[in-house]
Amino acid sequence: MTLRALFLRLRAIVRRSRAEAELGEELQFHIEQETALLQSRGIPPAEARRQALVAFGGLEHTKEQYRDGRGDRWLTDLRSDLVFAFRLLRRNPSLTATVVLTLSVGIGASVAIFSAVNAVVLRPLPVSEPDRLVALWEDNADKGWVRQSSAPANMLDWSERVRAFDGVTAWADYDARPVLSGSGDPQALHGAEVMGNFFDVLRGGMTLGRGFAPDAHWLPAPRQVVVSHRFWQRQFGSDTAIIGRTLVLDRESAEVVGVAGPEFRIPAPDVDVWYPMRWDRADRQQVWFRRAHWLRPVARLRAETNVETASAELQRVMGAMEREYPETNVNMKAGLGPLHDYLVGDRRQPLVFLLASTGLLLLIGCANVANLLLVRAAAREQEVVVRRALGADRSRVVRQALTESMVLAVLGAAGGWLVGLWGTRMFGAWQPVGMLPVTDRRPDGWVFLFVVGVAALSAVVFGTAPALWVARRDAADALRSSTRMSSDNRRARRLVNTLAIGEVALAVTLTIGAGLLLRSYQQLANVDPGFEADGVASAFLAVGGTRYEVRAQRMTFVSDLLTRVRTLPGVESAAISSAIPFVAAGYTSDFSIRGRPADQAGREVRHRSVTDDYFRTMKVPLLAGRVFGPEDTPTSEPVTIINKALADRYFGNEDPIGQYIAGDLVPDSTSIWRRVVGVVGNERGRIVSQPAGIELTGPYSQEAMTGVYLVVRTSGDPANLLRSVARTISEIDPLLAPITLTTMPRMRSEAMARDRFMALLLAAFAAIGALLAVIGVYGVVAQAAQRREPELAIRLALGARPRHLHWLVLRHGLSVAALGAALGAAAAMAGSGVIRTMLFNTSRMDPAVYAVVVLLVLGAAAIASWLPAHRVVRERRGRSLSR
Amino acid sequence: MPPTESDVLRGTLDLLILKVLLRESMHGWAVSQRIQERSRGVLDVNQGSLYPALQRLEHRGLLLSEWRTTDTNRRARYYTLTAAGKKAVVAETNSWRRYVTAIELILETP
């Protein structure tokens, strides 16, 4: 088509009334000229005009040809199809509303979840060339380490020896909580301790200022911070004069040198401030610098290299280091992978799983809509037949049916977009902490494309069946259809049944998935954590910095705090511990038991220290020996209490009391041997679903760590205690803000929040899916019952019992539901592998869940089928045969 | 022998229209009249198919159309050949001649 033709056609489309008028005028002129010519030959005017028209040969026909020639026939058709579709939809508002609502919910749920997947998993990191950033980690089969944090000396070696790396930086792998003071109440921020070159390697782009000097992590470095964009807005009202100002963090001044880019949130979404680590250059030669693992290194790959090459080189370097540092690096391996994948971590699987679930939900919705449209199409058979008889060709009729589906899909997509926006917000508001680490979840172009794609796909899924059905009609059906016995009608009925079976199957699959998650959550909620959480309040304090540099200062603070807290009303007991259940805290090391050969050394024991009353406060049972008391002082014999897990694994039938343990793989003269004085029950760690690990607990007086948890048991509601605990702390030290202040039941609830969220969300999807499926069964049965009404009437008249008639109708619905349930249960069994890792103490074949779901669905289907049966029988009873 | 009217051979109508318009611009009715006259009444253009043909040629860029007033002061749509249209007349004429010659050759062969 030439440009000119395109222009003419476009003009014709845009100015169609004018084009029509011109066409009329041109042809009119022709007829008049012809008439005048004939009249000039003596033919009377009326006859002349008639002959002229005859000679022209069908004015309207020419016009139609001319219109076809404009090439916008499809547009005219589309317009009339659209008008027709809208008229039909308006005439049947309840059907339209049902369809649009079903699609809106299905599409909306998908959109909400996809927005999350898009923001968390798909959207690239907000740094330049994010694909070149890799996370580095250490693996150690001996210690059971997989993707563990790295030792600083190893990391520094990599940065110097692996040539594929353009730069290596790192952040500290612990949640630093510096306390900001100097402006209003002191508040605990989220901090990230990083190396000086952090912003240079990541290249996230700064809103203001700059990152740190590349060697800022080496002493003596000036104290500096980069603040996050969010913190800058919140705390400083986006003041551009912030650069150069000082913040007081943990009682020390630090200069603000930069404001990070708005989306830059590495390593964690809640970071408020980044500040350099403070290492002594002399540390590099120390053994501990290679033994302690607490860094998360990130490398930027050179342009000419790739992940495989870099990985191979890293392996070579690490192999050499194994030989060079036998004291620390034996069997120490390293690995790397895309930074984005590492940061997304285990958030991907639940999101993708939820997305798949919404896909199932949408599919159920589409099947439902297809069924409704099919039933309606069958009811409109006469219309289609008449249109075919009047000369509409098959493609026109099918196109009309598809247009209708398209209109419904567009309406559904619009509704789905709204539901999706709302759902995205709700998802963000209700999400368990950390599930969606990205705060910007606003739908972008990809989400829009997703909606368009999903809506189009839905239209194909639910529009195909009615369109195919329409395509099979032809004019000859007009005769047959009146008998209501055409084979096509039977085929349509079979299609309707199949769709209903499919719907039930999908709903059963989805519901079984939800059931398994709910059961798993129930198991999780019933886990005995090894202590009594009810009635306990806890506060996390960082007793560090200049004011608490000396152990005696920390000891004084702690005893002062405990004395005061114990006098608060309702308090039964209070204690301090460096680690409590549900949080990641404490450190791990190898250990050895005195008198045992070196190859029996233990691995990965967790250390903590507690004050005397800890076990009583937490109600952790003492199984043997004693707890700590006033006799354990900084200068008395070092003692320790082991937990049951350690006693079972390393002592068996031996009595651990009185034995000695040191926290070293190979004890030497510097090792501290601690005498075991007691055995206590196991407390679960950070992850409730995992069994307790082995643990060594020392007296706080002998190991006065700086990060401590205050635990307080009260006879009342611990939530009521929080305020007075905070007040007590600030009375002792106004600059010491509790970093966390909460209750143990709440901590437990938060520890299970993700499991609960997943189970409830999936249960909601399953409930909607099941409801749709039951509606589908109802529709099929009701339609069949109506069709069989004459037959039922005859049976009734001949003396059949109503109960028998009920059964006739009910049987149909139940067979659809039973077949669907069987298929759905089979599909759930086959597909339950994907859910396995999300289940705790629950078999993916859990018979109770399968049985309950199948019975529930059959029960619902029975009720849905009983209703139309009852209606037909009641209407017919006592009435004579009218048909 | 009285001249019998004959339908314009399919596909040749375009050539006839272009040829007629080669000398001057004219409106649709005049085109049909001119074809009839020049063929001495042998070719009777199906008037109904004339207009779609004119539209087709305009879309192909061989014609331009504009509204003008006739001698009798009526508004009518006049068609004019474009440069491309003029070239097309030559090309189509040549190809038509080749076609006719070929048919002749076959018919003359005993």
Side-chain angles (χ1 to χ4, degrees), chain A residues 1-41 48-76, chain B residues 5-8 10 13-14 17 20-21 25-37 39 41 43-85 87-88:
Chain A
M1 197 193 297
T2 63
L3 219 63
R4 182 177 162 69
L6 188 69
F7 168 74
L8 288 172
R9 283 177 192 193
L10 280 179
R11 197 181 61 173
I13 290 166
V14 175
R15 304 189 309 186
R16 89 172 298 104
S17 58
R18 172 144 175 218
E20 273 296 303
E22 285 184 349
L23 174 62
E25 188 177 349
E26 188 173 13
L27 299 188
Q28 193 57 42
F29 173 78
H30 183 109
I31 301 294
E32 278 169 21
Q33 291 293 108
E34 188 75 18
T35 309
L37 180 74
L38 293 172
Q39 270 181 287
S40 69
R41 289 179 192 159
R49 185 168 169 77
R50 196 189 67 80
Q51 284 188 14
L53 282 172
V54 168
F56 195 84
L59 204 56
E60 280 310 313
H61 183 67
T62 303
K63 279 189 186 173
E64 280 299 312
Q65 259 187 305
Y66 197 92
R67 284 174 197 137
D68 279 350
R70 278 190 205 130
D72 61 347
R73 159 72 51 187
W74 59 273
L75 197 81
T76 338
Chain B
E5 290 184 359
S6 134
D7 277 349
V8 176
R10 191 181 290 225
L13 179 59
D14 288 4
I17 292 172
V20 162
L21 286 172
S25 306
M26 52 182 80
H27 48 67
W29 183 75
V31 171
S32 73
Q33 288 301 310
R34 189 62 56 86
I35 290 173
Q36 217 169 351
E37 280 167 23
S39 68
L43 289 180
D44 182 23
V45 176
N46 178 348
Q47 300 178 5
S49 60
L50 178 69
Y51 288 91
L54 285 168
Q55 180 195 33
R56 199 164 54 236
L57 291 170
E58 190 177 2
H59 282 182
R60 280 169 60 194
L62 304 180
L63 297 182
L64 279 178
S65 73
E66 58 182 331
W67 289 85
R68 288 191 218 155
T69 31
T70 64
D71 321 334
T72 56
N73 231 6
R74 286 287 316 268
R75 237 166 72 86
R77 186 178 219 154
Y78 277 77
Y79 293 89
T80 315
L81 271 196
T82 62
K87 265 186 231 155

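Labels below follow one simple rule: chain letters A, B, ... track the order of the sequence lines, proteins then strands, and each chain is numbered from 1. In this text the structure is predicted, and so the values were computed from the model without any measurement.
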* **Top of B:A53, B:P52, B:S32 for chain A proximity - count of heavy-atom pairs under 4.5 angstrom** =>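 Heavy-atom pairs under 4.5 Å are most numerous for B:P52.
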
Bottom line for B:R56: the part with an atom under 4.5 Å from chain A's heavy atoms is neither

Query raised in the report: In terms of heavy-atom proximity below 4.5 Å to chain B, should A:L37 be classed as side chain, backbone, both, or neither?
Result: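 Contact with chain B is through the side chain of A:L37 alone.
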
- Query: Given that the side chain runs from C-beta out, which part of A:Q28 has a heavy atom under 4.5 Å from chain B: side chain, backbone, both or neither?
  - Reply: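 Contact with chain B: none, neither part.
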
Can you tell me which residue among A:Q33, A:E34, A:E26 is in a side chain to side chain donor-acceptor pair (under 3.5 Å) with B:W29?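 Option passing the side chain to side chain donor-acceptor pair (under 3.5 Å) with B:W29: A:E34.
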
query = Does the pair B:H27 and A:H30 meet the rule for a side-chain contact (heavy atoms from CB on, under 4.5 Å), with working shown?
reply = CA-CA 9 Å; B:H27 48 67; A:H30 183 109; over 6 Å; no

- Looking only at heavy atoms, what is the nearest atom pair of B:R75 and A:F29, with distance?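 Smallest interatomic distance, heavy atoms only, reads O-CD1, 3.8 Å.
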
